S.K.: 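Dropping the structure in here first, questions after.
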Amino acid sequence: MIKQEDFFKKITSHAKEYGFIFQSSEIYEGLSAVYDYGQNGVELKNNIRSYWWKAMVQFHDNIVGIDAAIFMHPTTWKASGHVDAFSDPLIDNKDSKKRYRADVLVEDYLAKIEDKINKEVEKARKRFGESFDEQQFLTTNPRVLEYVNQTDDIKKRLYGAMESSDMVAFKQLIEDLAIVCPISGTRNWTEVRHFNLMFSTQMGSTADGASEVYLRPETAQGIFVNYLNVQKTGRMKIPFGIAQTGKAFRNEIVARQFIFRMREFEQMEMQFFVRPGEELNWFEHWKKERMKWHLSMGIPATKYRFHDHEKLAHYANAAADIEFEFPFGFKELEGIHSRTDFDLGAHQKYSGKKLQYFDPELNESYVPYVVETSIGLDRMFLAMLSNSYKEEKLEDGTERVVLMLPPVLAPVKAAILPLVAKDGLPEKARQIMDSLKFDFNCQYEEKDSIGKRYRRQDAIGTPFCLTVDHQTIEDNTVTIRDRDTMKQERIDVNLLHEIIAKKIRPDYQL
Ligand code: ATP
């Protein structure tokens, strides 16, 4: 078993060594929480985006896509609430000089109590064996009850402080819980302060009277302000959705988990416009549908779980996360939010333009309600990378590192390998590659022994290696090696296209 921390280090160094992810501006010591995608990373990222797009836009008659600009009129962010409320409570430890999110410090404290409860449950399960009733234990054991009361009390104070934006109450909570800095171990804290997460810049030259604009912190607002344009020009009937992928920027306070939390990242969002009153049914629908998408790639269901929000954002009347088991535990991968008519209502108010829908069945106009699905592309990348990294001991005593990526996401679908670089084998291999490369990203390799070439392809997650040998010239067959089983079969070259296409098609139906 590899320790969790070591495992995370292995993934980051593998990502660099094989051209998936580089630190931004590395030659200048890098830029914190900003990353570049390398030659294999860009392919994996494109494939995640493209599979999401297919499942959302291509599979649904009533969902269309757009690509809005990153810069938007500054009033957009006033209306959306980001100018006034998109901030985190920030606190510094004076000894370690480390900066933290005050809410995260409290949440980590809560997680420790939860761990204690889980430990009590496990102990009791061992003690009582078959007859153990977990529910009864949780509601009657005095020690557990004390932990639960403690948790409830802390949550009440935490959510209260967040809701009323009460920084003094935050500080008091951290002091009362005697939370220490994980680095210095001291309680020498500064006051808690607001910190707006939006990056701003100037548009136009100063002489023209430059105005302050923001780098968008989410893609959703580009969809809301285009709601009417798309609805009218696409003659869309409710319920319908608008999907978009693109960059978002947040000046995150704590950004120490590789590509999990970045300052520049990419989102894949879909806003689904529905009749008021029907939003909670659609919310349940999209929760199921999105989980189906994740599971369609063959990753075990135990790696995913839902987390229903207890504390709702000011714009939501229901919210849930799809959490994934990252190397550092279960964390948010995707959010599904029932955003009511908050956003369209606010844009209507600030712009003075009607953003309504005339419903011919009801014969009335209304501001539609919105259910959104929002997933971080880079977070999905990390989920896939960490889940697929395996170190295997082989029968002959050697080891291999293999990325067991879902085939639909693999950067290279097939490697074409002439056994030797002579006797017409390279030419034949090139011919095979030419017949496949429009539909599949293929790689041609003739350097090194075939074994070494297999290892290199395993390390980037290539589902198939096709070896071209002397028999290929005679009977037009190649050996096809499966990445996961390492089994080899001889097959006719004419079947390759069909075999690869079948392998990379996920099992996703609406
Ligand atoms: P978190 O609680 O982790 O900060 P959030 O609830 O603020 O996330 P949303 O605003 O709901 O996130 O954004 C939707 C999705 O965008 C998230 O589920 C996540 O996958 C992704 N995301 C958000 N912030 C970042 C970031 N800084 N870096 C990478 N991905 C991010």
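Because the structure is predicted, anything quoted here is derived from the model rather than measured. Counting starts at 1 for both ligands and their atoms, in listed order.
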S.K.: How about R290 and F306: do any of their side-chain heavy atoms sit closer than 4.5 Å?
M.R.: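 A side-chain contact under 4.5 Å is absent here.
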
S.K.: Look at the side chain of R250 and the backbone N and O of P217, then say whether any donor-acceptor pair between them is shorter than 3.5 Å.
M.R.: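 Here the side-chain-to-backbone pair exists.
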
S.K.: Strictly under 6.0 Å, is that where the ring centroids of F273 and Y357 end up?
M.R.: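 Ring centres of Y357 and F273 not closer than 6.0 Å.
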
S.K.: For ligand 1, list the protein residues that place a heavy atom within a distance below 4.0 Å of one of its atoms, sorted by chain and number.
M.R.: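 Contacts of ligand 1 under 4.0 Å: R250, E252, F260, R261, M262, F265, Q267, E332, L333, E334, G335, H337, S374, G376, R379.
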
S.K.: Are any of the side-chain nitrogens in R99 or D88 under 4.0 Å away from the carboxylate oxygens of its partner?
M.R.: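 Looking at D88 together with R99, the answer is no, because their closest N to O distance does not fall below 4.0 Å.
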
S.K.: Going by side-chain contact (heavy atoms from CB on, under 4.5 Å), name the residues that satisfy it together with Y350, two or more places apart in sequence or in a different chain.
M.R.: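 side-chain contact (heavy atoms from CB on, under 4.5 Å) list for Y350, sorted by chain: T75, K78, A79.
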
S.K.: Is it true that K288 and E284 make a salt bridge, defined as a side-chain N closer than 4.0 Å to a carboxylate O?
M.R.: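 No salt bridge links K288 with E284.
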
